[in-house]
2 protein chains.
Amino acid sequence: MSKPRSRRGGGRPTIADVARRAGVGAITVSRALREPGRVSEDLRRQIQAAVDELGYVPDPNARALASARAEVFGVLVPSLTNNVFAEVVRGIYDSLSDSPFRIQLGNTHYSGLEEERLLQVFGPQRPAALIVAGIDQTPTARRLLETAGCPVVQVMETGPDPVDMLVGFSHLDGGRAATEHMIEAGYRRIGFIGARMDPRSQRRLAGYRTAMETASLFDPRLVTTTPVPSSIPLGRELFRDALAKVPTLEGVFCNNDDIALGVLFECHRAAIAVPKTIGITGFNDLDMMQSAFPSITSIRTPRYEIGRRAVAMALAAISGKRPEQRIVDLGFELRRRESTAR
Amino acid sequence: MSKPRSRRGGGRPTIADVARRAGVGAITVSRALREPGRVSEDLRRQIQAAVDELGYVPDPNARALASARAEVFGVLVPSLTNNVFAEVVRGIYDSLSDSPFRIQLGNTHYSGLEEERLLQVFGPQRPAALIVAGIDQTPTARRLLETAGCPVVQVMETGPDPVDMLVGFSHLDGGRAATEHMIEAGYRRIGFIGARMDPRSQRRLAGYRTAMETASLFDPRLVTTTPVPSSIPLGRELFRDALAKVPTLEGVFCNNDDIALGVLFECHRAAIAVPKTIGITGFNDLDMMQSAFPSITSIRTPRYEIGRRAVAMALAAISGKRPEQRIVDLGFELRRRESTAR
DNA sequence: CAATTTCTTGGTAGCGCTACCATCCCCTTC
DNA sequence: GAAGGGGATGGTAGCGCTACCAAGAAATTG
């Protein structure tokens, strides 16, 4: 009876303490903090003073419990170390840093099952919004997204049938544009080298294939892929394989920039002239591509911008106004550089 | 009165629903889930069946409120895109993926103030543990860590006076080892090139300086630094600057691998022979270093392992058994490669 | 000036869970 | 056989906050 308050809490001031000190009801403090417009100027000032003096910070857990909604964005990406997703995540963090929302990040390791599991963990938290990479969720994952009861933004791709909202670009078109560029540059026996063939890489491959077939240049032996995770060393290895298979190879469109850089290094080592003997095109256009020697042609993808836009759309949806566009295609850009300047 | 339950919750089953169905008290369900050993085999089975049938998942927010402790690890890193921290974070995620703990990641952008702000946001959540990068917290941040009321692990460095626990390695020793290696390899006019001179880079520079002074080779003009964030293009630029200042430069120890790769590319472009005319050493040993041509000498740092160990120590502390070692030095390893094989 | 609307403010009752304490039962122990 | 101990189970009372509803004051209306 003596100190009922300090029993469990760590002695941190609660909303009741602030209310007492400011001489108002607890609910008014709550309102002053969340909807200042609905509290009179006078009380607001008084309450603010009490908050400052006490160093009061609302307990997000209590808040989430009472309002059945946590101020949390759930974010699901397939990799934390892949620079591409790191950039998307950075865009999300930057856009949310001035908001009350926290971020809960999940790493799916490119696994649909892991994605399901994480969605199951995120759900009970009642996040304010969910941002997930890709559009190839398992049926279960898709159902979890549909029934999450919050805005959902799928990112990195474009497509006709998002769960809710979608921001990205067409990997198929990107793959095609890269390949067409190489064809225009005069390359004929153009290989495709791809590691970790996730759905997006598959679509890039499809774009490559379309372009090659249209030009009557397609040959299945030109395609070298592996499910192994992408890396620079792997790029070197796959390029050696590709060259062994097709010694007359004239160029390669790489699944991503790591692979492209591996190819470049292997060319250096084997004293193969780039772009004369072999042309190289990457995908994503990490900043190292323009600094490499020779600089490497790549498809610039708007990763950071995707993160920002996803948050903007989610925020709009949370505040009630559904964005006019549910599907946003941010496009990509071909950056022509020395590696394909034949 | 008619449907008091569905008023606010989303109709999700609660612990009371499970208890009713299993014919036990709510508290027993709670116990069966958290401390199965304290509930009889029979009831446990019964409860599990009810949980499965209802699809019950505990509400983490309610749990956190009632127990004054959230199952959350707060993690603070200075960058999300820097591969070094991405690896640490990956280690943390991998170590926690089978645990009930969620992760709340904060990006300090290398700013002490931002770190304070994030700590202030994390605190009220009552995280189960905090993992923060570096040992150079502001006094305020340090106080926040000390009063967080949970295990705290500082990572990436080593030092005598951690807030609580510490896992990392000595950047000073790393910088010295790299420099000594270059001296032994026969280089004399060895430059230091560093971008974003955060505290860790400062210590690497100090290690470089120590080694150079010991060998009576130090000259302030050999040092080229900038507060600008590190990148491969910047490495090229800084190397050009360094060379302009000291045309007789024989080698460079780079603050990190991005810079080193930039230097390598610039050497290619300017047709400077590596390692003959210029030797290059990086720091961190990202996997591209061994694949570059020529391959680049670097200091291998145990980033992933640091993340794992930090979690292991925090977990031990949470379960009561303070680890015998509060300070763990995981060391580093010099990887000699072609870029310094004179 | 009464009636109505709008704005402020507060009280009450939970949100779903767990800490704490009480109870009950079964087994030892002397 | 009574007393004591330990394990299993449950009831009660919050954790700190906000949704909902009510009420009074102020502003607007006819």
Side-chain angles (χ1 to χ4, degrees), chain A residues 1 3-20 22-47 51 54 56-71 100 123-126 128 149, chain B residues 1 3-20 22-47 51 54 56-71 100 123-126 128 149:
Chain A
M1 261 293 112
K3 313 171 76 183
R5 278 207 43 265
S6 69
R7 216 173 100 214
R8 282 201 242 162
R12 215 185 286 271
T14 72
I15 202 168
D17 298 324
V18 177
R20 213 169 304 127
V24 300
I27 189 69
T28 305
V29 174
S30 175
R31 260 197 294 261
L33 263 28
R34 290 175 302 133
E35 315 167 79
R38 291 191 47 195
V39 174
S40 69
E41 178 64 25
D42 266 14
L43 281 194
R44 214 187 309 157
R45 227 192 328 263
Q46 234 165 290
I47 289 170
V51 164
L54 259 34
Y56 169 73
V57 185
D59 180 329
N61 299 123
R63 197 170 247 194
L65 181 58
S67 63
R69 198 43 76 193
E71 292 189 315
Q125 273 184 86
R126 303 171 173 283
Chain B
M1 266 287 108
K3 313 171 79 184
R5 276 210 43 268
S6 69
R7 215 173 102 212
R8 282 201 242 161
R12 216 184 284 271
T14 73
I15 202 168
D17 297 324
V18 177
R20 213 169 303 128
V24 301
I27 190 67
T28 305
V29 175
S30 176
R31 260 197 294 262
L33 262 27
R34 290 175 303 133
E35 315 168 79
R38 294 190 44 194
V39 174
S40 70
E41 177 65 25
D42 266 15
L43 281 194
R44 213 186 309 156
R45 228 193 325 263
Q46 233 166 290
I47 289 169
V51 165
L54 259 33
Y56 169 74
V57 185
D59 180 329
N61 299 123
R63 197 169 248 194
L65 182 58
S67 63
R69 202 40 80 192
E71 293 189 314
Q125 273 183 89
R126 304 169 171 284

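Every heavy atom of this structure was used, including side-chain atoms; hydrogens, water molecules and symmetry mates were not. Note that this is a predicted model, so its numbers are computed, not measured. Protein chains get the first letters and strands the later ones, always in sequence-line order, with residue 1 at the start of each.
With dT9(C), dC17(D), dG16(C) as the candidates, the nucleotide lying closest to the side chain of Asp59(B) is dG16(C). Nearest to the side chain of Ala66(A), among dT9(D), dC17(C), dC15(C), sits dC15(C). For Val39(B), counting side-chain heavy atoms from C-beta on, the closest listed nucleotide (dT9(D), dC17(D), dC17(C)) is dT9(D). Taking the side chain of Ser67(B) as heavy atoms from C-beta on, and the options dG16(C), dA19(C), dC17(D), the nearest nucleotide is dA19(C).
Put simply, Arg38(B) has no side-chain N or O that comes within less than 4.0 Å of OP1 or OP2 on dA8(D). At dT9(D), one or more side-chain N or O atoms of Ser40(B) fall inside 4.0 Å of OP1 or OP2 (strictly under the cut-off).
Nearest heavy-atom pair, Pro124(B) versus Val57(A), reported as atom, atom and distance to 0.1 Å: CG-CG1, 3.3 Å. Scanning all heavy atoms of the two residues, the minimum distance from Glu71(A) to Pro100(A) falls at OE1-CB, 3.6 Å. The shortest non-hydrogen separation linking Ala62(A) to Leu65(B) is CB-CD1, 3.6 Å. Contact record, Thr14(A) with Tyr56(A): C-CE1, 3.5 Å, taken as the closest heavy-atom pair.
The 5' end of DNA chain D is approached more closely, in terms of each residue's nearest nucleotide, by Leu43(B) than by the other of Leu43(B) and Val57(A). Judged by closest nucleotide on DNA chain C, Gly37(A) is the one of Gly37(A) and Glu35(B) placed further toward the 5' end.
Here dA19(C) presents its P atom at 13 Å from CZ of Arg126(B), a figure rounded to the nearest Å. Computed from coordinates, the Ile15(B) CD1 to dG14(C) P distance equals 19 Å when rounded to whole Å. Rounded to whole Å, atom P of dC7(C) lies 18 Å from atom CG of Asp42(A).
Side-chain polar atoms of Arg34(B) and Ser30(B) form a donor-acceptor pair below 3.5 angstrom.
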ask   = Please walk me through it: do Ile27(B) and Arg31(B) pass side-chain contact (heavy atoms from CB on, under 4.5 Å)?
value = CA-CA 6 Å; Ile27(B) 190 67; Arg31(B) 260 197 294 262; 4.0 Å; yes

Worked verdict on Arg69(A) versus Arg63(A) for side-chain contact (heavy atoms from CB on, under 4.5 Å) = CA-CA 8 Å; Arg69(A) 198 43 76 193; Arg63(A) 197 170 247 194; over 6 Å; no

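For DNA chain D, the residues of residues 23-34 of chain B within the heavy-atom distance limit of 4.0 Å (strictly under) are Val24(B), Gly25(B), Ile27(B), Thr28(B), Arg31(B), sorted by number.
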